[in-house]
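In the text below, chain A, chain B and the rest are named by the order of the sequence lines, each starting its count at 1.
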2 protein chains.
Amino acid sequence: MGRCSLLLLLLASLTPGAASPVSPSLRAPSSLPWSTSFGSRPTITPKYSIRYIQQKVDHFGFNIDRTFKQRYLIADNYWKEDGGSILFYTGNEGDIIWFCNNTGFMWDIAEEMKAMLVFAEHRYYGESLPFGADSFSDSRHLNFLTTEQALADFAKLIKYLKRTIPGARNQPVIALGGSYGGMLAAWFRMKYPHLVVGALASSAPIWQFNDLVPCDVFMKIVTTDFSQSGPNCSESIRRSWDAINRLAKKGPGLRWLSEALHLCTPLTKLQDVQHLKDWIAETWVNLAMVDYPYESNFLQPLPAWPVKVVCQYFKYSNVPDTLLLRNIFQALNVYYNYSGQAKCLNVSETATSSLGVQGWSYQACTEMVMPTCSDGVDDMFEPHSWNMKEYSDDCFKQWGVRPRPSWIPTMYGGKNISSHTNIIFSNGELDPWSGGGVTKDITDTLLAIVIPNGAHHLDLRASNALDPVSVQLTRSLEVKYMKQWVTDFYVRLRKMN
Amino acid sequence: MGRCSLLLLLLASLTPGAASPVSPSLRAPSSLPWSTSFGSRPTITPKYSIRYIQQKVDHFGFNIDRTFKQRYLIADNYWKEDGGSILFYTGNEGDIIWFCNNTGFMWDIAEEMKAMLVFAEHRYYGESLPFGADSFSDSRHLNFLTTEQALADFAKLIKYLKRTIPGARNQPVIALGGSYGGMLAAWFRMKYPHLVVGALASSAPIWQFNDLVPCDVFMKIVTTDFSQSGPNCSESIRRSWDAINRLAKKGPGLRWLSEALHLCTPLTKLQDVQHLKDWIAETWVNLAMVDYPYESNFLQPLPAWPVKVVCQYFKYSNVPDTLLLRNIFQALNVYYNYSGQAKCLNVSETATSSLGVQGWSYQACTEMVMPTCSDGVDDMFEPHSWNMKEYSDDCFKQWGVRPRPSWIPTMYGGKNISSHTNIIFSNGELDPWSGGGVTKDITDTLLAIVIPNGAHHLDLRASNALDPVSVQLTRSLEVKYMKQWVTDFYVRLRKMN
């Protein structure tokens, strides 16, 4: 599978040519809220214990009684039995240690919340593999990779912790998560309100399903980020696709493009050009998501406000194709070579191996169908419609399963969620996934916080001297609400006793 | 499987000797809220259409894409698009037509509620068999018989009806059910509040799980019913077990007992005596459940207040063993021979074939583990402790699966359900299952109604001239609350538009 990023898969799904046999993962139709806060440097160095719990492989059937070891991390340095709380991270599509090290917010507030921190790994990711090395071998082994099973794991884990840790029994638990993990946090509060008093769902696009939001909203936000980060920026990128096409069709065009972009592997056929464009487009999407206000370290180190840095190369309008492509190279170089160490650019590498590519590809082919599209007019990308039939066929080819695109709204309520309580939905305004998120209060306990100048779950990252005031305020509000949930819990508890 | 009643299975599970190979079903450890209102005569003759919907066999996995036909009944005679509602019966463990014909309450209120009536058959019961005749063949085929799958069927059906019936889209749906179906109605509102505005859960023992209520509460209530229905009644029954034991040990005791009780098949060995006692005990339990205030027709026709009629045979204390057994026969005769047509009593028949014995036995061996016990002191039964190990072993022998007794409280919240809204829990005070039910208000929208002089979901039966005032008031209250939910729904709808 290599290290193809999930976002590359997202774009591959929009691309007719993407079904050509580049690699199995590139054929995978997929769409993904990019998870985690990359390369945060937690204010408090995480000190946790690694533990395991035996979980049923199938919570919803009794024929298979097999169990597997789910990994979780636990830190109780700041936990107080008296008036304390348990902050429970609902792990998403990757290695839980990576998430733990990149969710500085929880470490930053542990003392104030007198909180025990728990980070639960999502089944089929990291070390929590229900069938070990065979977990991804076929649809039979993958059958238990669903949101419902993952939530049931969390439920069992919480019950187990309360039963086995002295003093934990009468403590309020709060679910926290970002991106896909943010959806899980929100859904966990909706489905298991008896186990968590509330949820903080950061950058959770719970409405990026079916027809709940227009499929073009994602790419529009990426485009806005670029157009607001410099003059002519999104226009230049929009023009670049045709420029690439024109150059590719000329005699020595492929060679020229390969050299101008310093590609490690030269383009040799026209099919490679589509792959190149997908990879470039994915880079812009990634940049929009991780457009953080300070230097951060993702796959490659990135400067502060990387989209602004990129846009410096697109200041001038109507430059010739060749100059535009040289500027594209400079821009890509910001993302792939901020350290200055790279000798060439590799079009098949973009994402960290801590993310579970196979697992997410399967989830995107079953429950997590998140339509995206572009029209090249209201956004800066090539036009790609959302084709459910093609998507489904590709899924069937790759995994032997067909997606059920209306299932998530049926299960989790779609836009009709007002009967639930105590969920904070936070979204960064720069984050393309905010388009599928909850950005307006639904009731006085289903709250939306929009973070101007915030990228993908910026609020979950460790505090930083360069944080905009908006995210500092957001975190204060979040702590205020969470403390209120804790207070309410203890008031109820005292009434009952 | 014969027609062994599910309640017989309940008692078999309490009986050490029950594991002897009488019949497969008798070996099944099981416990069951007896469902439906037997033999009601609806005020309005049901006129419904029989329909089918294709359902996924497995809503929670993608490896098996097979579908099956779920049956449902629909009646729209009184439905009004303008300001109307949809009353959705969450079918339980039996044939849906039988339930439909025995839930007169819904028919009685259809006009007042301007309601479309829908009765959804529970998978693995009636005609809704996921694998046809093979559905019960082994644990692999039975794997999809769970409450979660059943609720998902209901969710898909509601979405389908709203999508396909003109005018149904913006209508409030209310879930209604009795006994196990009452639990499903409550759980459906808890898990899918976006699909139903509220639930009426009649005689739903949602707390008869794990250690949420003492296991002896069920048998105590049966006993109270008998002691309140006549002097010496429960005492005589309590004495009868030893009397049977003493008689059985005498030389011609088995023959004498067989003759005195007019058994169709004479007792031949001591093991038969345990079976006989189980069957008698089950009869008392059944009588307590269907202790309705008017003539009703269950397996056999029954007189009004049948427990009172039975107790007339136990007026005198300290009668000799032989006379006591003759009185027991008279009492059994009330239940099994009110029509006067029976020539003998058959210890292997007690329940209607409309109930799905196999399905429930499996459910009781997986999720629906409802502990019961008796001590012979605070109740009138022989002492039987609850033995989870033995229960589990018996389940494994019969179905190849092991029960998960703590799963239902983990999934549905146990006693910690106060964050939900709009559920009415009604319980008849005479009903032994009320011991595991919600009999006190939890919040101002999680309401409990207790019906003095009410047996098992009396309120769901058609109105009857002999109904006690208590049940008439209960039904009025239920309608009042349901109308409020409907009003609230339309107010919200108007605000949104």
Max heavy-atom pair count under 4.5 Å with chain B, selected residue of [options]:
| options | value |
| --- | --- |
| A:His141, A:Glu148, A:Lys191 | A:Lys191 |
| A:Asp138, A:Ile417, A:Asp65, A:Thr366 | A:Thr366 |
| A:Lys156, A:Gln149, A:Lys56, A:Glu367 | A:Lys56 |

* Asked: Which of parallel (below 30°), tilted (30 to 60°) and perpendicular (above 60°) describes B:Trp407 and A:His59?
  ->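 The rings of B:Trp407 and A:His59 lie parallel, inter-plane angle below 30°.
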
* To do: On the 0 to 90° scale, with breaks at 30° and 60°, tag the B:Phe62-A:Tyr362 ring pair as parallel, tilted or perpendicular.
  =>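 Perpendicular.
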
* Has the side chain of B:His194 got a donor or acceptor atom that lies under 3.5 Å from a matching backbone atom of A:Thr410? ->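 A pair under 3.5 Å: yes.
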
* **A:Asn143 (side chain) donor-acceptor with B:Gly61 (main chain) under 3.5 angstrom** =>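 It does not hold such a pair.
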
Counting only heavy atoms closer than 4.5 Å, note whether [X] contacts chain B via side chain, backbone, both or neither.
| X | value |
| --- | --- |
| A:Met411 | both |
| A:Lys159 | side chain |
| A:Thr146 | side chain |
| A:Ile64 | backbone |
| A:Asp58 | both |

* **Flag if over 12 foreign heavy atoms under 6.0 Å of OH, B:Tyr160** =>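 Counting other residues, nucleotides and ligands, OH of B:Tyr160 stays at 12 neighbours or fewer.
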
* Asked: Is atom NZ of A:Lys162 surrounded by more than 12 heavy atoms (other residues, nucleotides or ligands) closer than 6.0 Å?
  ->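 Yes.
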
Say you draw a straight line from [atom1] of [X] to [atom2] of [Y]; how long is it, rounded to the nearest 0.5 Å?
| X | Y | atom1 | atom2 | answer |
| --- | --- | --- | --- | --- |
| B:Tyr192 | A:Asn416 | OH | CG | 14.5 Å |
| A:Thr147 | B:Phe60 | OG1 | CZ | 9.0 Å |
| B:Arg492 | A:Ser419 | CZ | OG | 8.5 Å |

